[in-house]
Amino acid sequence: MKKKLVALLMSAVMASALLAGCGGAKDAAAEQGTAEDAAGAETETETEDADAAAEDVNAETAAAEAESEGNDAGEEAQTGETVVLKCVCDLTPHSEILNAAADLLAQKGIELDIVSTTWDATWNDMLVDGEIDFAYFMHVPAMESIEEEMGATLYSMGGIHVEPYACFSDKYASKDELPENAVIAIPNDSSNEYRALKVLESEGFIKLNPDMTAIDASVNQIDEYVIPIEIVEMDQANIIPSAADFDAYFVNVNRALEADIDTTAYLMREGEDSEYANIITVTEANKDNEAIKTLVSVLQSDEVKKFIEENFNGAVIPAK
C-alpha cells in the first residue's frame with residue numbers, strides 16, 4: 001500500500017515538473033517574440049527619424065544655397081561696375097531717344113558718353129578707328145556705302161527707328177501746286193539720293209533705271225522725266241539753309257526737326273514701311289560686345305517704342 005502511495009506521489013511530482021517546464025518554455029518564447037517585435041518597431045522608428053532628419057538637412061541645405069545665390073546676386077548688383085559706351089549720334093531724334101533710354105540702361109549697368117551730335121566726316125573715322133564704341137546715325141545702305149568708301153567692315157546691331165524720307169517746300173502746300181519745271185534739291189550722297197529719287201519715281205515725276213542701286217544713285221540713272229522738273233544735287237547740310245532758292249527740297253526728317261520744320265507738312269515722302277531704319281553700327285571689335293547687345297535690346301523695348309510714338313508726331317517711327 002505504502003509503495004503504491006509513494007509511486008503515485010512520484011508520478012504527480014514528475015507531471016508538475018513537466019507542466020512547469022512547458023509553461024516556462026512558452027513564456028520564454030513569448031517574451032523573446034515580444035522583445036523582437038519591440039526591437040523591430042524601435043528600428044523602424046529610428047529609420048523614420050533618420051529619414052526625416054535627412055530631409056530636414058536637405059531642406060536646410062537647399063535654403064542655405066538659395067540664400068547664398070541671392071546674396072551673391074545682390075552683391076553683384078551692388079558692386080557691379082558701370083560700362084561706359086562712347087558714341088556719336090545725330091541730335092534729333094537720335095540723342096533724344098538715347099537720353100530717353102538712359103534710366104533703363106542704367107538699370108542694366110550701362111552709361112552712354114555721347115561724344116558728338118553735330119555730324120561731320122570725322123564721325124566715320126572715329127568709328128572705324130575705334131575712338132567710339134558705336135554710331136547711331138546711319139541706315140544699312142549708308143553703312144554699305146561707307147564700307148566701300150573706306151575699305152572697312154561694319155556691322156548693324158539692329159534697327160531702332162525710321163525717319164520716312166520726305167520732300168518739303170517753303171512756297172507750296174502740296175505737290176500738286178508745284179509748277180512745271182519746278183526746281184527740287186536732293187542730297188548728293190548716294191544712299192539719300194537714292195531714297196529721294198525713289199520717292200520722285202513713286203509720285204510719278206520720273207522713271208529710273210531699274211538697275212539703279214543705293215550705291216550708284218544719281219540723276220544720270222533717270223531714264224525719263226514724266227513731269228518736267230529740274231533736280232539739283234547738293235550736300236545735304238546746305239539744303240535747308242538755301243531752301244528759299246528751291247521750289248521743294250528733300251532732307252532727312254531729323255534735320256527738318258532740328259530746323260523746326262513742320263514735319264507733318266511734307267509734299268511727299270516714303271511710306272511707313274521704309275526699310276531705311278537707323279541702326280546701331282559697330283566694327284568687328286564690338287560686334288560681340290554684350291553691353292552693345294543689351295543697348296539694342298533696350299532701344300527696341302516697348303518703353304522706348306512708346307516714347308518714339310508719342311514724341312515725334314509720326315515724323316519718326318519705331319523700326320519694325
Legend entry - Check: Ser242 side chain, Asn238 main-chain N or O, donor-acceptor pair, under 3.5 Å: yes
Inset, instruction - Please check if the side chain of Asn99 supplies one atom and the backbone of Ser95 the other of a donor-acceptor pair under 3.5 Å. - result: yes
Legend entry - Glu144: side chain to side chain donor-acceptor pair (under 3.5 Å) partners, not counting sequence neighbours: none
Legend entry - Qualifying residues under side chain to side chain donor-acceptor pair (under 3.5 Å), relative to Asn311, sequence neighbours excluded: none
Throw together a table of side-chain donor-acceptor distances under 3.5 angstrom for residues 157-170, partners on residues two or more places apart or in other chains.
from   : atom 1 : to     : atom 2 : distance (Å)
His161 : ND1    : Tyr136 : OH     : 2.6
His161 : NE2    : Glu163 : OE2    : 2.6
Glu163 : OE1    : Asn254 : N      : 3.4
Glu163 : OE2    : His94  : NE2    : 3.4
Tyr165 : OH     : Gln236 : OE1    : 3.2
Ser169 : OG     : Lys171 : N      : 3.0
Ser169 : OG     : Tyr172 : N      : 3.0
Ser169 : OG     : Asp247 : O      : 2.6
Asp170 : OD1    : Tyr249 : OH     : 3.1

Legend entry - Asp235, CG atom: more than 12 neighbouring heavy atoms under 6.0 Å: yes
Legend entry - More than 12 heavy atoms of other groups within 6.0 Å of Tyr266 OH: no
Inset, instruction - Sequence neighbours left out, what pairs pass salt bridge (Lys or Arg N to Asp or Glu O under 4.0 Å) with at least one residue falling in residues 180-201? - result: Arg195-Glu270, Lys198-Glu201
Inset, instruction - Hey, could you give me each pair passing salt bridge (Lys or Arg N to Asp or Glu O under 4.0 Å) that has a residue in residues 122-136? Not counting sequence neighbours. - result: none
Inset, instruction - Go through Phe246 and Ile184 one step at a time and tell me if the side chain to side chain contact (heavy atoms under 4.5 Å, CB included) criterion holds. - result: CA-CA 6 Å; Phe246 308 106; Ile184 301 175; over 6 Å; no
Legend entry - Full working for side chain to side chain contact (heavy atoms under 4.5 Å, CB included) between Val226 and Ile206: CA-CA 5 Å; Val226 180; Ile206 59 175; 5.7 Å; no
Non-hydrogen side-chain atoms of [X] and [Y] separated by less than 4.5 Å:
X      : Y      : result
Phe134 : Leu85  : yes
Ile229 : Val183 : no
Asn192 : Val251 : no
Met126 : Val115 : yes
Leu208 : Asp223 : no
Glu233 : Ser218 : yes

Using the test side-chain contact (heavy atoms from CB on, under 4.5 Å), find all partners of [X] that sit at least two apart in sequence or belong to another chain.
X      : result
Ala152 : Val128, Met150
Pro141 : His139, Ser191, Ala214, Tyr276
Asp216 : Met212, Thr213, Gln221

Legend entry - Under 3.5 Å side-chain donor-acceptor pair for Ser145 and Glu149: yes
Inset, instruction - Dump the intermediate steps for side chain to side chain contact (heavy atoms under 4.5 Å, CB included) on Leu295 and Leu112, then the final yes or no. - result: CA-CA 10 Å; Leu295 165 75; Leu112 299 181; 4.2 Å; yes
Inset, instruction - Under the side chain to side chain donor-acceptor pair (under 3.5 Å) rule, what do Thr92 and Glu96 come out as? Steps first, then yes or no, please. - result: CA-CA 6 Å; Thr92 302; Glu96 296 171 71; 2.9 Å; yes
When rounded to the nearest 0.5 angstrom, what is the spacing between [atom1] in [X] and [atom2] in [Y]?
X      : Y      : atom1 : atom2 : result
Asp288 : Glu290 : CG    : CD    : 8.0 Å
Glu147 : Leu154 : CD    : CG    : 4.5 Å
Ile280 : Lys293 : CD1   : NZ    : 15.0 Å
Leu299 : Asn278 : CG    : CG    : 11.5 Å

Which heavy atom of [X] sits nearest a heavy atom of [Y], and at what distance?
X      : Y      : value
Ile239 : Met234 : CG1-CG, 3.5 Å
Val83  : Ala291 : CG1-CB, 3.9 Å
Val298 : Leu104 : CG1-CB, 3.7 Å
Ala248 : Leu267 : CB-CD1, 4.0 Å
Thr264 : Asn313 : CG2-ND2, 3.0 Å

Inset, instruction - Taking only Lys NZ, Arg NE, NH1 and NH2, and the carboxylate oxygens of Asp or Glu, determine whether Lys306 and Glu309 approach each other closer than 4.0 Å. - result: no
Legend entry - Sequence-distant partners of Lys108, salt bridge (Lys or Arg N to Asp or Glu O under 4.0 Å), two or more places apart: none
Inset, instruction - Using ring pair (Phe, Tyr, Trp, His ring centres under 6.0 Å) as the criterion, list what pairs up with Phe312, not counting sequence neighbours. - result: Phe307
Legend entry - Single-linkage hydrophobic cluster, 4.5 Å side-chain cutoff, Ile317 and Val253 together: no
Inset, instruction - Please collect all side chain to side chain donor-acceptor pair (under 3.5 Å) contacts where either partner lies in residues 111-120, sequence neighbours excluded, each pair once. - result: Ser116-Trp123, Asp120-Thr122
Legend entry - Verdict with reasoning, Val88 to Phe137, per side chain to side chain contact (heavy atoms under 4.5 Å, CB included): CA-CA 8 Å; Val88 293; Phe137 68 91; 4.2 Å; yes
Legend entry - Residue pairs involving residues 189-230 (criterion ring pair (Phe, Tyr, Trp, His ring centres under 6.0 Å); sequence neighbours excluded): none
